[in-house]
Every structure is written in structure tokens, then in C-alpha cells.
Amino acid sequence: MKAIVLNSHGPIEHLNISNDQSLQDLQYGEIRLKIMYCGLNHLDLWLRKGGTGDKITLPRIPGSDIVGIIESKGEGVFNLSKGDTVLVYPGTSCGDCTYCQKGRETLCKEFKIIGYHIDGGYSDYINVPAKNVVKIEAQNLDAWAAVPVSYITAWNGLVTKGNLTMFDTVVVWGATGGLGYAALTIAEGFSAKTIGIVGSKEKELFLRERGYKGHIVVRSENLQKEIRELTDNQGVDIVLDHVGQETWKESLKMLKRGGRLAFCGVTTGHQAVTDLRYILGKQLTIHGSWMGDMNDFKEVVQFIEVNENLPYIWKTYSLDEVRDAHQVMEEQRHIGKIVLKVNEEEKAI
């Protein structure tokens, strides 16, 4: 089996092509997928670079966002068939603890992310639990491969924990990135008032060309003033912040009384200074989202199917071009999502 293997943390050159990887035999309740596409995420960069503080073992095959076709199935799998096209929920848990029984898999002590803690989708094939997949139409598979991590995380932060409604005003940082664009799509689908924060006029134009009708603010020193003007000096109900240290103070400032901060990323660092008076005086609520649970996954797939608004794919690379894909993502030279095309549909096992 062909796969991209990370043997040690470090620069892009540490992503190595291997043609002799093997898979274990299918266990009870598992299916084997021929992977068609695998989306890239910042998780992939964090895994490669290391130093996150997470318990990660190497070697590791990266890749959390997986679309594939069922090649075979183990015992105990009844609701799926060979040839079905499926999207993978990128998390595993013990299934037995109190959190798992309540549908809060991400709080389980055994929770692991596929492609981060365990081997993922930068490979021809993968074995996954059948309970982790949902069937999708065999169309736009590259776009579906950009859904799982970004959309589940945004859904968990805005909807499940943030109680998003049509009456809310929502600010989204990095609105043209994978997670930011997912959050805008979800908020618009709920008919909420949206404000997308972007880093350039080029990115503003991108959102308009994609049909986004909400407000856009190009990041500057006047950011807080512009947000106040757009909200009649009230502030906003929800901020989706996946940037971290660099934007933390700004996020707290722009929230109105009783506002909610949906926090789900530390791209710019994990140590932030907090003026506690904002939280205390405005009675703010802060929700942390480490991806999302299986229920979030199922709900967001239904949401996308109904709204017919899949992610925008900036570029598709082959598995052999994975270093180029990482380079572009690390240097932030893209707008939208990057995916790897792993297999051709006509390719036999």
C-alpha cells in the first residue's frame, strides 16, 4: 500500500513516500476504504512540526478528512455495502464511558483523531469503524473531502455549544480559510447576521465572488470601530475564533453583553493575556471546541446536503505532491481548501 509517512517531526522533507505499508486484518465492525480524496488541515501541520503538547506517537500517516469507497467489510457490518461512497468521521473513542454514552466522544479519555493520533488518509486504503461513516452521493468527492474537521468544529462551536439562532450576529475570523468559510456557511444557513473578518481586499473579493452577502471587514487598526458601527455599538452575539493568541483580546472586546466566544484553534499561539473584566462585566460565555462529536458530524452532513453549499477547493494535489501542498498551506498562499487526490475511481485493488 502506498502512503505518506511521517517518521519524525520537522520540516516538509520529513513527509516521505512509502510503497510497502500494510493494513491489519479487518476487526469486528470495521470496513476497509479505498481512499479517493483526503483534505488538508492545520492539524496536519501541527502533527508534522510537533511541539503541541499532545500525546503523539510516530511513525504516523497524516490526514483526517477522508472520502472513500468501501472495498470490503468485517463481521458485524450490516448497514453498508461494498462500493458505497462514504465520508469519515475523523475521531475514535472507547464507546463505553459516560461521555461516550452521552454522545460526547471528544471528552472521552480515549478520544483520538484519525490522521493525528492514529494513522489517517494520506494512503491508498484505511480501516475504520463502520459507525464512523455516512453514505454520500458519488459526486463532488473532492469538496466532500474538505468537510469533516472544519465543518464539524464550526458546527460544534456555533450550533451545539453556541446555540446559534437567526437572531444572532456572528463574527468569524479568517473567513476565507477552511474553518472560517465553514462557519460563515453555517451561520448564513441559520439566517444569522454575519461579519467575516479577512486579511486582504483579495480575500474580500473572493467571498463576494462565492456569493457571500454578509458584511466583510478587512483587518486593520480600526477593526473594533468597524464592528461597533455594524452593530449600532452593541457588539456581536457570537465570535468564532480559531486564530488564538493574536486575536483573543479582540474577540472578547467585540462581544456584546451576554455574548458567546466559540474558540477552536491556536494557530498563532496558545498563551493569551485575558482582561477578566470583560468576562465578568459582560457576563460572557467561552466555549472550547476540540473538533466535534459524532452527532455534530451527522447534523452537518445533513445541513450541507440540504443547503447544497460545499467547500471551495483551491487546488487538488496528487499524493506524490504532498510536500508542495504542505508548503502552500504553511505559507498561506491559498484561499479555500486544499485536498489530495489519492486514487482514481477506476483503479482496482
(request) State which residues pass side-chain contact (heavy atoms from CB on, under 4.5 Å) with Lys193; sequence neighbours excluded, sorted by chain then number. (result) Thr169, His215
(request) For Thr160, enumerate each residue passing the side-chain contact (heavy atoms from CB on, under 4.5 Å) test, keeping only those at least two apart in sequence or located in another chain. (result) Trp155, Asn156, Asp296
(request) List in chain and number order the residues that pass ring-ring contact (aromatic ring centres under 6.0 Å, His included) with Tyr312, two or more places apart in sequence or in another chain; answer none if no residue qualifies. (result) Phe206
(request) Using the side chain to side chain donor-acceptor pair (under 3.5 Å) rule, collect all pairs that involve residues 221-230, keeping only residues at least two apart or in two chains. (result) Gln224-Glu250
(message) Test of understanding: with side-chain contact (heavy atoms from CB on, under 4.5 Å), list the residues that count as partners of Ala146, not counting sequence neighbours.
(response) Pro311, Ile313, Lys337, Val339
(request) Report the hydrophobic cluster partners of Met166, with the cluster defined as I, L, V, M, F, W, Y residues connected by side-chain heavy atoms closer than 4.5 angstrom, directly or transitively. (result) Phe167
(request) List, by chain and number, the other hydrophobic cluster members for Leu205, where Ile, Leu, Val, Met, Phe, Trp and Tyr join if side-chain heavy atoms come within less than 4.5 Å, directly or indirectly. (result) none
(request) Give the other cluster members for Tyr99, using side-chain heavy-atom distances under 4.5 Å between Ile, Leu, Val, Met, Phe, Trp and Tyr residues; answer none if it is isolated. (result) Leu107
(message) Applying side chain to side chain donor-acceptor pair (under 3.5 Å) as the test, list every pair that has at least one member in residues 101-114; sequence neighbours left out.
(response) Arg104-Asp293, Thr106-Asp293
(message) Applying ring-ring contact (aromatic ring centres under 6.0 Å, His included) as the test, list every pair that has at least one member in residues 54-91; sequence neighbours left out.
(response) Tyr89-Phe297
(request) Identify, with sequence neighbours excluded, every residue that meets salt bridge (charged side-chain N to carboxylate O under 4.0 Å, His left out) alongside Arg208. (result) none
(message) Show me the pairs that pass side chain to side chain donor-acceptor pair (under 3.5 Å) and involve residues 270-282, at least two apart or across chains.
(response) Trp248-Thr274, Asp275-Arg277
